[in-house]
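In what follows, chains carry the letters A, B, and so on, assigned in the order in which the sequence lines appear, proteins first and then strands, with residues in each chain numbered from 1. Everything quoted here is computed from the prediction, not taken from an experiment.
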Number of protein chains: 2
Amino acid sequence: MHSAPHSTKERILSSAEELFARHGFDGASLRQLTAAAGVNLAAVNYHFGSKDRLIEEVFRRRLDELNGRRMAALNRIAGQEETTLEDVLAAFIKPALDLSHDGNGSLFMRVLARAFAEHDDTLRKFLSDNYGHVMRQFTAEFARLLPHLSKEELYWRVDLVTGALTHAMSGFGMIQRKSDVTEHTHREQAAAHLIRFAAAGLSHP
Amino acid sequence: MHSAPHSTKERILSSAEELFARHGFDGASLRQLTAAAGVNLAAVNYHFGSKDRLIEEVFRRRLDELNGRRMAALNRIAGQEETTLEDVLAAFIKPALDLSHDGNGSLFMRVLARAFAEHDDTLRKFLSDNYGHVMRQFTAEFARLLPHLSKEELYWRVDLVTGALTHAMSGFGMIQRKSDVTEHTHREQAAAHLIRFAAAGLSHP
DNA sequence: ACAGGAGTCAAACGATCGTTTGAGCATACG
DNA sequence: CGTATGCTCAAACGATCGTTTGACTCCTGT
């Protein structure tokens, strides 16, 4: 089922993720990509069929993991009386922070931010078809916790929160932390900032 | 000084703005661009020198206008005792909304969102060198109105607000309005949403 | 009237792109 | 042993890219 961790497919996916994040989907060529991965140029078309399908696989690999953890965290708290808005936001944000722990996982957030900016219909449809249910479920829980908001008002605020979080998380590699705090506590602080900001933006009267 | 409104230079700039917004800086070729503008392919290199310099001119033309209006609106209210956080945010957001009134001015916000996602050092330096003072002046006014925030805390929140606004304004062309509200009032409502959201995110305890 | 700059044009330049091809290699299976 | 099968490889394909060239037109200033 899964490929070996250092197989040709996985090496391509890792290099693709990094180069797509740094130079964009058009900007990163298959020749740069395969050279960085140490594989032959034709390997991309052999294993993935085309560059577009490779791009989709880059998303699928990370989003399956990311959204799986998000749903697990949400299901652990959804519908309960003592659940707070901050809890739900943490269920959404923490998995993304965990992702940026390992290797170039943080670069994937840049890839995701690019996808939003692209406004490419094919890519947006792919993301909506495969992972739209996650956003829908989170929105439903927001609606339960914010009953004073109209549906239209809520959609507006969720959209703005999404924009802020995508923007912020795509820059995680860049934010300089003071030398006296560890990488771990820095991320904890970042998450705390994000959660409090988003909670304020969602719930203001 | 300024070119005639329908000169070759202006026709190129308008088509460039639209195609850069729709297909990205790499995705839009000079051949598509000059064909849409109804001018010869070589005209771009003749009038602008290169594609990169054309890109810079697309930014310069709109940002000079946009930031000029922002600074004018800010200077009208900065430092006064009765000025509220919402006033400052309106000084930042309203000019962007006005821009999207005329022609394809709204597409420029998409171009700007792309530039943020690109993380291109050359482009970021260009934007920072030419228009960084605007963000600095707005941040200074935020600092005056939010004295309870540390400098680090304020930078965090301003960054998140910037992300939310860029994301939201880049999608203005897409947001569907109900058929019973005019385009004008729809924009007013959008601005009101943005301002209240940003104010809540900036000023929460 | 005429020299000269500004602008436009078709054509070509070299480079790079995604994709395809067919031969070569290895391992697994009859 | 023989032969499929999965995979890798160098090489080439046609297309498209940004840029340059040189001839041609038009207008302006002396």
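Residues passing the side chain to side chain contact (heavy atoms under 4.5 Å, CB included) test with A:Leu146 are A:Leu85, A:His148, A:Leu149, A:Leu154, A:Leu202, A:Ser203, sequence neighbours excluded. Partners of A:Arg76 by side chain to side chain contact (heavy atoms under 4.5 Å, CB included), not counting sequence neighbours, listed by chain and number: A:Ala72, A:Ala73. Scored by the ring pair (Phe, Tyr, Trp, His ring centres under 6.0 Å) test, B:Phe138 finds B:Phe92 as partners (sequence neighbours excluded). The side chain to side chain contact (heavy atoms under 4.5 Å, CB included) test applied to A:Ser128 returns no partner, not counting sequence neighbours.
Screening residues 126-143 of chain B for salt bridge (Lys or Arg N to Asp or Glu O under 4.0 Å) gives B:Lys125-B:Asp129, B:Glu141-B:Arg144 as the qualifying pairs, with residues at least two apart or on separate chains. Pairs of residues two or more places apart, or lying in two chains, that qualify as salt bridge (Lys or Arg N to Asp or Glu O under 4.0 Å) and include a residue from residues 66-75 of chain B are B:Glu65-B:Arg69, B:Arg69-B:Asp98.
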I'd like a table of donor-acceptor pairs (distance under 3.5 Å, sequence neighbours excluded) in which one partner is a side-chain atom from residues 27-38 of chain A, with atom names and distances.
from: A:Ser29; atom 1: OG; to: A:Arg31; atom 2: N; distance (Å): 3.4
from: A:Ser29; atom 1: OG; to: A:Gln32; atom 2: N; distance (Å): 3.2
from: A:Thr34; atom 1: OG1; to: A:Leu30; atom 2: O; distance (Å): 2.7
from: A:Thr34; atom 1: OG1; to: A:Arg31; atom 2: O; distance (Å): 3.3

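Contacts between residues 11-21 of chain A and DNA chain C, counted as heavy-atom distances below 4.0 Å, involve no residue at all.
Here C:dT8 presents its C1' atom at 8 Å from NE2 of B:His47, a figure rounded to the nearest Å.
Side-chain contact of A:His193 with B:Glu153: a donor-acceptor pair under 3.5 Å is present, judged by distance alone.
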Revision key, fill the gap. Each nucleotide of nucleotides 14-21 of chain C classed B (base within 4.0 Å of a protein heavy atom), S (only sugar-phosphate) or -, in 5' to 3' order, makes ---BBBBB
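Remark: A:Thr8 is not in phosphate contact with D:dC7, judged by side-chain N or O atoms under 4.0 Å from OP1 or OP2.
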